[in-house]
Asks: 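Sharing a structure with you now.
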Amino acid sequence: MGLTLTPILAGFAARAAGIDLGQPLDGEQIASIDRAMDEHAVLVFRDQALTPDQQLRFARTFGELDLGFKKASKSATRLQYDELLDISNVAEDGQVADRNHRKIVGNLANQLWHSDSSFQAPAARYSMLHAVVLPAEGGETEFADMRAAYDALPEPRKQRLAGLSAEHYALHSRFLLGDTDYTEEQRRAIPSAVWPLVRRHAGSGRELLFIGAHACRVMELSLAEGRLLLMDLLEHATQPRFVYRHVWQPGDLVIWDNRSTLHRGRAFDLSVRRELRRTTTLDA
Ligand code: OGA
Ligand code: MN
């Protein structure tokens, strides 16, 4: 059976079925997922009981894997593979982490609109997030369509954005949350990346806004003017009309295109277990 798609919103996000992601994929299945990603940008697969090895094999069929913030933080990890990112509030000992635990700030930073690893070159292409344990309330993930957001800008606004670029820095979202306990050396050890504010998607040819919580300044503007522009664009781009909110069920695997979307987690009770596992491919 081949991939079947049911659009969720007009032109953004689709329910996907017809492929068992736990099995090796053939060329046509891979191509059909790539095409679906180019069109819908977010795909929701349900009832995929993937082991870590199966999720990693699935992800690797789409390219080299990203280590994300792990490269920068070199924190202790709970899962057995570096490429399997532990998106959870669970500590190394398997218990729900104390809210003052180091990893919780990273968890909270995921609640700011962002594109995974936009602070590095190459940045991320696909993220695949697999739900394992979920709270009864809260903890949804929202996705915003940066193609539709760009299309909706007035023409003079689009023209003013042409030629502007932003610096994306890994620690900026941490600084925003007051997590500033890094030495000068640590701060400088993490290089940043500069990307145009408006980019063209390689697969669909559509233009889009490339912004989010890692973007800390606009190269061509003063710091203040640039930050206001970034805030203003983010406010525009994350209006409800551009947003799909995913309510998780265990066994869901959601794939999103980090080039054409922003995403954020939503708040949940930090004393309740929430456990997901992410694999991310590099846009290389
Ligand atoms: C991520 C992320 C949000 C969430 O895994 O990259 O941002 O809802 N997750 O956990
Ligand atoms: Mn993320």
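Index from 1, following the sequence. Just so we're clear, the structure is a prediction, and the values are computed from it rather than from any experiment.
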Asks: Counting only N and O atoms by type, is there a donor-acceptor contact under 3.5 Å from the side chain of Arg278 to the main-chain atoms of Leu84?
Replies: no
Asks: Carefully, step by step, assess Trp248 and Thr141 under the rule side-chain hydrogen bond (donor to acceptor under 3.5 Å, both in side chains).
Replies: CA-CA 8 Å; Trp248 292 99; Thr141 305; 2.8 Å; yes
Asks: Does the side chain of Thr51 pick up a donor-acceptor pair with the side chain of Asp53 at under 3.5 Å?
Replies: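 Side chains of Thr51 and Asp53: no pair found under 3.5 Å.
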Asks: Verify whether one side chain among Glu92 and His101 offers a donor that lies under 3.5 Å from an acceptor in the other.
Replies: yes
Asks: Do NZ/NE/NH1/NH2 and the carboxylate oxygens of Glu184 and Arg188 come within less than 4.0 Å?
Replies: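 Arg188 and Glu184: salt-bridged.
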Asks: Is a side-chain donor or acceptor of Ser222 paired with a backbone partner of Glu225 at a separation under 3.5 angstrom?
Replies: yes
Asks: State, to 0.1 Å, how close Thr280 and Ala124 come at their nearest heavy-atom pair, and which atoms those are.
Replies: CG2-CB, 3.4 Å
Asks: Does Ile87 belong to the same Ile/Leu/Val/Met/Phe/Trp/Tyr cluster as Ile104, with side-chain heavy atoms less than 4.5 Å apart forming each link?
Replies: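 Result: no, two separate clusters.
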Asks: Donor-acceptor pair, distance only, cut-off 3.5 Å: does the side chain of Gln29 make one with the backbone of Asp26?
Replies: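 Yes; judged by distance alone, with no hydrogens or angles, the pair exists.
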Asks: Output the distance between atom CG (Leu229) and atom CZ (Arg160), rounded to the nearest 0.5 Å.
Replies: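 Nearest 0.5 Å value for the CG-CZ distance: 9.0 Å.
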Asks: Show your working on side chain to side chain contact (heavy atoms under 4.5 Å, CB included) between Val105 and Arg174 and close with a plain yes or no.
Replies: CA-CA 7 Å; Val105 72; Arg174 307 300 172 98; 4.1 Å; yes
Asks: Does some side-chain heavy atom of Leu85 sit less than 4.5 Å from a side-chain heavy atom of Thr279?
Replies: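 Contact flag for Thr279/Leu85 side chains = no.
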Asks: Take the angle between the ring planes of Tyr244 and Phe143 and call it parallel below 30°, perpendicular above 60°, tilted in between.
Replies: parallel
Asks: Report yes or no: does Gln111 contribute a side-chain atom to a donor-acceptor pair with the main-chain N or O of Leu108 at less than 3.5 Å?
Replies: no
Asks: Would a 4.5 Å heavy-atom cut-off, applied to side chains only, mark Leu21 and Phe45 as touching?
Replies: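 In short, these two side chains touch, coming nearer than 4.5 Å.
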Asks: Could you check whether any side-chain heavy atom of Thr261 comes within less than 4.5 Å of a side-chain heavy atom of Phe12, counting everything from C-beta outward?
Replies: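 Yes; the side chains approach each other to less than 4.5 Å.
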Asks: Rounded to the nearest 0.5 Å, how far apart are CZ of Arg102 and CG of Asp181?
Replies: 6.5 Å
Asks: For Glu235, does the CD atom sit with more than 12 other heavy atoms under 6.0 Å from it, leaving out its own atoms?
Replies: no
Asks: Which class fits the ring pair Trp256 and His263: parallel under 30°, tilted 30 to 60°, perpendicular over 60°?
Replies: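 Plane angle between 30° and 60°, so tilted.
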Asks: Drop me the distance from Tyr81's OH to Gln55's CD, to the nearest 0.5 angstrom.
Replies: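 Going from OH on Tyr81 over to CD on Gln55, the span is 11.5 Å.
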Asks: Between Asp86 and Lys103, is there a salt bridge with N-O shorter than 4.0 Å?
Replies: yes
Asks: Looking just at side-chain N and O atoms, do Glu220 and Ser165 make a donor-acceptor pair shorter than 3.5 Å?
Replies: yes
Asks: Report yes if some heavy atom in the side chain of Ile8 is under 4.5 Å from a heavy atom in the side chain of Val44; otherwise report no.
Replies: yes
Asks: Check the pair Asp151, Arg206 against salt bridge (charged side-chain N to carboxylate O under 4.0 Å, His left out), reporting the backbone distance first and the verdict last.
Replies: CA-CA 9 Å; Asp151 290 344; Arg206 291 184 66 179; 2.8 Å; yes
Asks: Between Arg273 and Glu275 (salt bridge meaning N to carboxylate O under 4.0 Å), is one present in this structure?
Replies: yes
Asks: In terms of side-chain heavy atoms, does Asp116 have a donor or acceptor partner in Tyr126 at a distance below 3.5 Å?
Replies: no
Asks: Are any of the side-chain heavy atoms of Leu5 and Leu3 separated by less than 4.5 Å?
Replies: yes
Asks: Search all heavy atoms of Thr238 against all heavy atoms of Leu234 and return the closest pair with its distance.
Replies: OG1-O, 2.7 Å
Asks: Any chance you could lay out the side-chain hydrogen bond (donor to acceptor under 3.5 Å, both in side chains) test for Asp38 and Ser204, step after step, and finish with the verdict?
Replies: CA-CA 5 Å; Asp38 287 344; Ser204 66; 6.0 Å; no
Asks: Between CG of Leu270 and CZ of Arg99, what distance do you get to the nearest 0.5 Å?
Replies: 5.0 Å
Asks: Please tell me if the side chains of Asp34 and Phe62 come closer than 4.5 Å, counting only heavy atoms from C-beta onward.
Replies: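 Yes, at least one pair of side-chain atoms sits under 4.5 Å.
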Asks: Step by step, would you call Glu142 with Arg245 a salt bridge (charged side-chain N to carboxylate O under 4.0 Å, His left out)?
Replies: CA-CA 4 Å; Glu142 292 181 337; Arg245 165 182 281 223; 3.0 Å; yes
Asks: Which heavy atom of Phe242 sits nearest a heavy atom of Ala152, and at what distance?
Replies: CZ-CB, 3.7 Å
Asks: Could you tell me whether Asp66 and Arg125 have a side-chain N and a carboxylate O separated by less than 4.0 Å?
Replies: no
Asks: Which is it for Met128 and Arg277 under the side chain to side chain contact (heavy atoms under 4.5 Å, CB included) test, yes or no, and what are the steps along the way?
Replies: CA-CA 8 Å; Met128 298 124 170; Arg277 298 176 189 150; over 6 Å; no
Asks: Run the numbers on Leu276 and Val132 for side chain to side chain contact (heavy atoms under 4.5 Å, CB included), then give the verdict.
Replies: CA-CA 5 Å; Leu276 301 97; Val132 183; 5.8 Å; no
Asks: Are a donor atom and an acceptor atom from the side chains of Arg259 and His201 found within less than 3.5 Å of each other?
Replies: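 Note: Arg259 and His201 side chains meet the donor-acceptor criterion.
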Asks: In Å, rounded to the nearest 0.5 Å, how long is the span from CG of Leu230 to CG of Leu221?
Replies: 8.5 Å
Asks: Are any of the side-chain heavy atoms of Leu153 and Leu209 separated by less than 4.5 Å?
Replies: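 Contact flag for Leu153/Leu209 side chains = yes.
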Asks: Under 4.0 Å between a Lys/Arg side-chain N and an Asp/Glu carboxylate O for Arg147 and Asp257?
Replies: no
Asks: Is the number of heavy atoms from other residues, nucleotides or ligands within 6.0 Å of CG (Asp93) greater than 12?
Replies: yes
Asks: Is it the case that one hydrophobic cluster holds both Leu177 and Leu171, taking links as side-chain heavy atoms less than 4.5 Å apart, direct or via other members?
Replies: no
Asks: Side chain of Gln239, backbone of Arg241: donor and acceptor closer than 3.5 Å?
Replies: no
Asks: Just do the side chain to side chain contact (heavy atoms under 4.5 Å, CB included) check on Val254 and Leu43 with the steps written out, would you?
Replies: CA-CA 6 Å; Val254 176; Leu43 296 182; over 6 Å; no
Asks: Short question: side chain of Gln186, backbone of Thr183 - any donor-acceptor pair under 3.5 Å?
Replies: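 Side chain of Gln186 to backbone of Thr183: a pair is present.
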Asks: Please name the pair of heavy atoms, one in Ser32 and one in Ile19, separated by the smallest distance, quoted to 0.1 Å.
Replies: OG-CD1, 4.2 Å
Asks: Keeping the roles fixed (side chain from Arg274, backbone from Phe268), state whether a donor-acceptor pair exists under 3.5 Å.
Replies: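 No; zero donor-acceptor contacts below 3.5 Å.
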Asks: Test the Arg199-Phe210 pair against the cation-pi criterion, namely NZ or CZ under 6.0 angstrom from the six-membered ring centroid and within 45° of the ring axis.
Replies: yes
Asks: To the nearest 0.5 Å, what is the distance between CG (Leu65) and CG (Asp82)?
Replies: 11.0 Å
Asks: Ignoring hydrogens, what is the shortest heavy-atom contact between Ala144 and Val243? Give both atom names and the distance.
Replies: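 Of all heavy-atom pairs spanning Ala144 and Val243, the closest is CB-CG2, 4.0 Å.
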Asks: Would you call the rings of His214 and His114 parallel, tilted or perpendicular, taking 30° and 60° as the class edges?
Replies: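 The rings of His214 and His114 stand perpendicular, inter-plane angle above 60°.
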Asks: Treating Asp252 as the side-chain partner and His130 as the backbone partner, does any N or O pair qualify as donor plus acceptor under 3.5 Å?
Replies: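 No, Asp252 side chain to His130 backbone: no donor-acceptor pair under 3.5 Å.
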Asks: In plain terms, say whether Glu137 and Arg266 are close enough for a salt bridge, that is, a side-chain N and a carboxylate O under 4.0 Å apart.
Replies: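 Salt bridge flag = no for Arg266 with Glu137.
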Asks: Hey, is the main chain of Ser192 close enough, under 3.5 Å, to the side chain of His168 for a donor-acceptor pair?
Replies: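 Not a single qualifying donor-acceptor pair exists.
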Asks: Considering only heavy atoms from C-beta outward, does the side chain of Cys216 approach that of Tyr169 to under 4.5 Å?
Replies: yes
